[in-house]
**Q** 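Please read through the structure below; I'll follow up with questions.
Counting starts at 1 for both ligands and their atoms, in listed order.
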Amino acid sequence: MHTHKVKVMTEEETRQLAAQLAALLKPGDVITLEGELGAGKTTFTKGLAIGLGVKRHVSSPTFTIIKEYKGELPLYHMDVYRLENSEEDIGFDEYFNGAGICVVEWAQFIDEFLPEERLEIEIQYAGENSRVIQFTAYGTHFEGILREL
Ligand SMILES: Nc1ncnc2c1ncn2[C@@H]1O[C@H](COP(=O)(O)OP(=O)(O)OP(=O)(O)O)[C@@H](O)[C@H]1O
Ligand SMILES: [Mg+2]
């Protein structure tokens, strides 16, 4: 396990950091996002989408749970907030083992379904426009990514 902490001062810096990360990802990678309401999970996902060359506007999938976007790699954006305490498996494995990048907001609510190898990202408030973004890599692939980030 390997961790890396970055402090960003603006929303734009959050998106840029995510876009840099996107360039290092490969098909089947799973990124989990945790942090309180409005911390910046969807903002981070928008940066990943930019980095993956997604042209469509990325919005919060709260009412659909999963949205798919076409980019250089497909992006599967999940927000599992509504699955808190539900233990419902909506076919996560197909996404987690699929050909795209999976990003899961509120991933702690489906931790029993998460793959062992993943990149965990926690976003914490550090002021109105500043955030501390902490990355924890599980598995050698993501440890390598953190060294490059
Ligand atoms: N450095 C920053 N990084 C990310 N967002 C920021 C930053 N500074 C300010 N913001 C603002 O914080 C809000 C983050 O909202 P966002 O929808 O990304 O949060 P979220 O964690 O996805 O929330 P939810 O739990 O409702 O899904 C936006 O209004 C954004 O403009
Ligand atoms: Mg969100």
Side-chain angles (χ1 to χ4, degrees), residues 1-25 27-96 98 100-115 117-138 142 145-149:
M1 201 175 79
H2 188 84
T3 66
H4 176 64
K5 224 182 216 186
V6 181
K7 186 168 184 181
V8 293
M9 304 308 290
T10 64
E11 185 180 340
E12 180 55 24
E13 274 184 56
T14 298
R15 279 196 300 265
Q16 279 172 5
L17 180 62
Q20 281 165 22
L21 170 64
L24 304 171
L25 298 175
D29 281 355
V30 176
I31 312 288
T32 67
L33 290 168
E34 299 177 24
E36 55 188 278
L37 283 168
K41 301 179 293 297
T42 300
T43 302
F44 193 93
T45 305
K46 287 178 182 180
L48 281 172
I50 292 167
L52 292 172
V54 171
K55 299 281 185 286
R56 255 169 71 207
H57 174 76
V58 171
S59 58
S60 180
T62 300
F63 297 102
T64 49
I65 300 186
I66 301 179
K67 277 192 185 173
E68 301 188 21
Y69 297 91
K70 277 200 192 81
E72 282 152 39
L73 293 173
L75 174 66
Y76 306 123
H77 181 199
M78 312 183 193
D79 185 324
V80 298
Y81 185 70
R82 287 191 310 144
L83 298 183
E84 185 179 13
N85 305 322
S86 89
E87 283 168 37
E88 188 187 350
D89 183 353
I90 57 169
F92 292 113
D93 266 1
E94 272 182 51
Y95 290 97
F96 295 155
I101 305 295
C102 290
V103 180
V104 190
E105 295 193 36
W106 296 100
Q108 66 267 40
F109 293 160
I110 60 153
D111 53 5
E112 67 265 49
F113 301 115
L114 295 174
E117 296 231 346
R118 61 188 190 275
L119 182 62
E120 205 168 84
I121 301 177
E122 192 180 334
I123 307 178
Q124 286 171 319
Y125 282 94
E128 197 183 349
N129 294 310
S130 52
R131 304 286 189 271
V132 172
I133 302 181
Q134 178 159 331
F135 299 85
T136 305
Y138 294 90
F142 291 110
I145 284 178
L146 286 199
R147 275 191 290 273
E148 284 185 59
L149 196 63

**Q** Of the listed options (Val8, Leu17, Leu33, Thr14), which comes nearest to atom 4 (C) of ligand 1 when hydrogens are ignored and any heavy atom counts?
**A** Thr14
**Q** Quick test of your reading of the structure: of Ile133, Leu37, Thr10, whose heavy atom lies closest to atom 26 (O) of ligand 1?
**A** Leu37
**Q** Tell me, please, which residues at least two apart from Glu12 pass side-chain hydrogen bond (donor to acceptor under 3.5 Å, both in side chains).
**A** Arg15, Gln16
**Q** Tell me whether ligand 1 is touched by Gly38 - counting only heavy atoms on the residue side and a distance under 4.0 Å.
**A** yes
**Q** Could you name the option among Lys41, Glu11, Lys46, Glu13 that has the heavy atom nearest to atom 25 (O) of ligand 1?
**A** Lys41
**Q** For ligand 1, which atoms sit closer than 4.0 Å to a heavy atom of Glu128?
**A** 8 (N), 9 (C)
**Q** As an exercise, identify every atom of ligand 1 less than 4.0 angstrom from a heavy atom of Trp106.
**A** 25 (O)
**Q** Once salt bridge (Lys or Arg N to Asp or Glu O under 4.0 Å) is applied, do any residues pair with Glu120, and if so which ones, sequence neighbours excluded?
**A** Arg118
**Q** If we ignore hydrogens and angles and just use 3.5 Å, is the side chain of Lys41 paired with the main-chain N or O of Thr32 as donor and acceptor?
**A** no
**Q** What are the atoms of ligand 1, with element, lying closer than 4.0 Å to any heavy atom of Gly40?
**A** 4 (C), 14 (C), 16 (P), 18 (O), 19 (O), 20 (P), 21 (O)
**Q** Could you tell me whether ligand 1 has any atom less than 4.0 Å away from a heavy atom of Arg15?
**A** no
**Q** Examine the proximity of ligand 1 to Thr42 and report which part, side chain or backbone, both or neither, has a heavy atom under 4.0 Å away.
**A** both
**Q** Under 3.5 Å, N or O to N or O, is Ala39 touching ligand 1 that way?
**A** yes
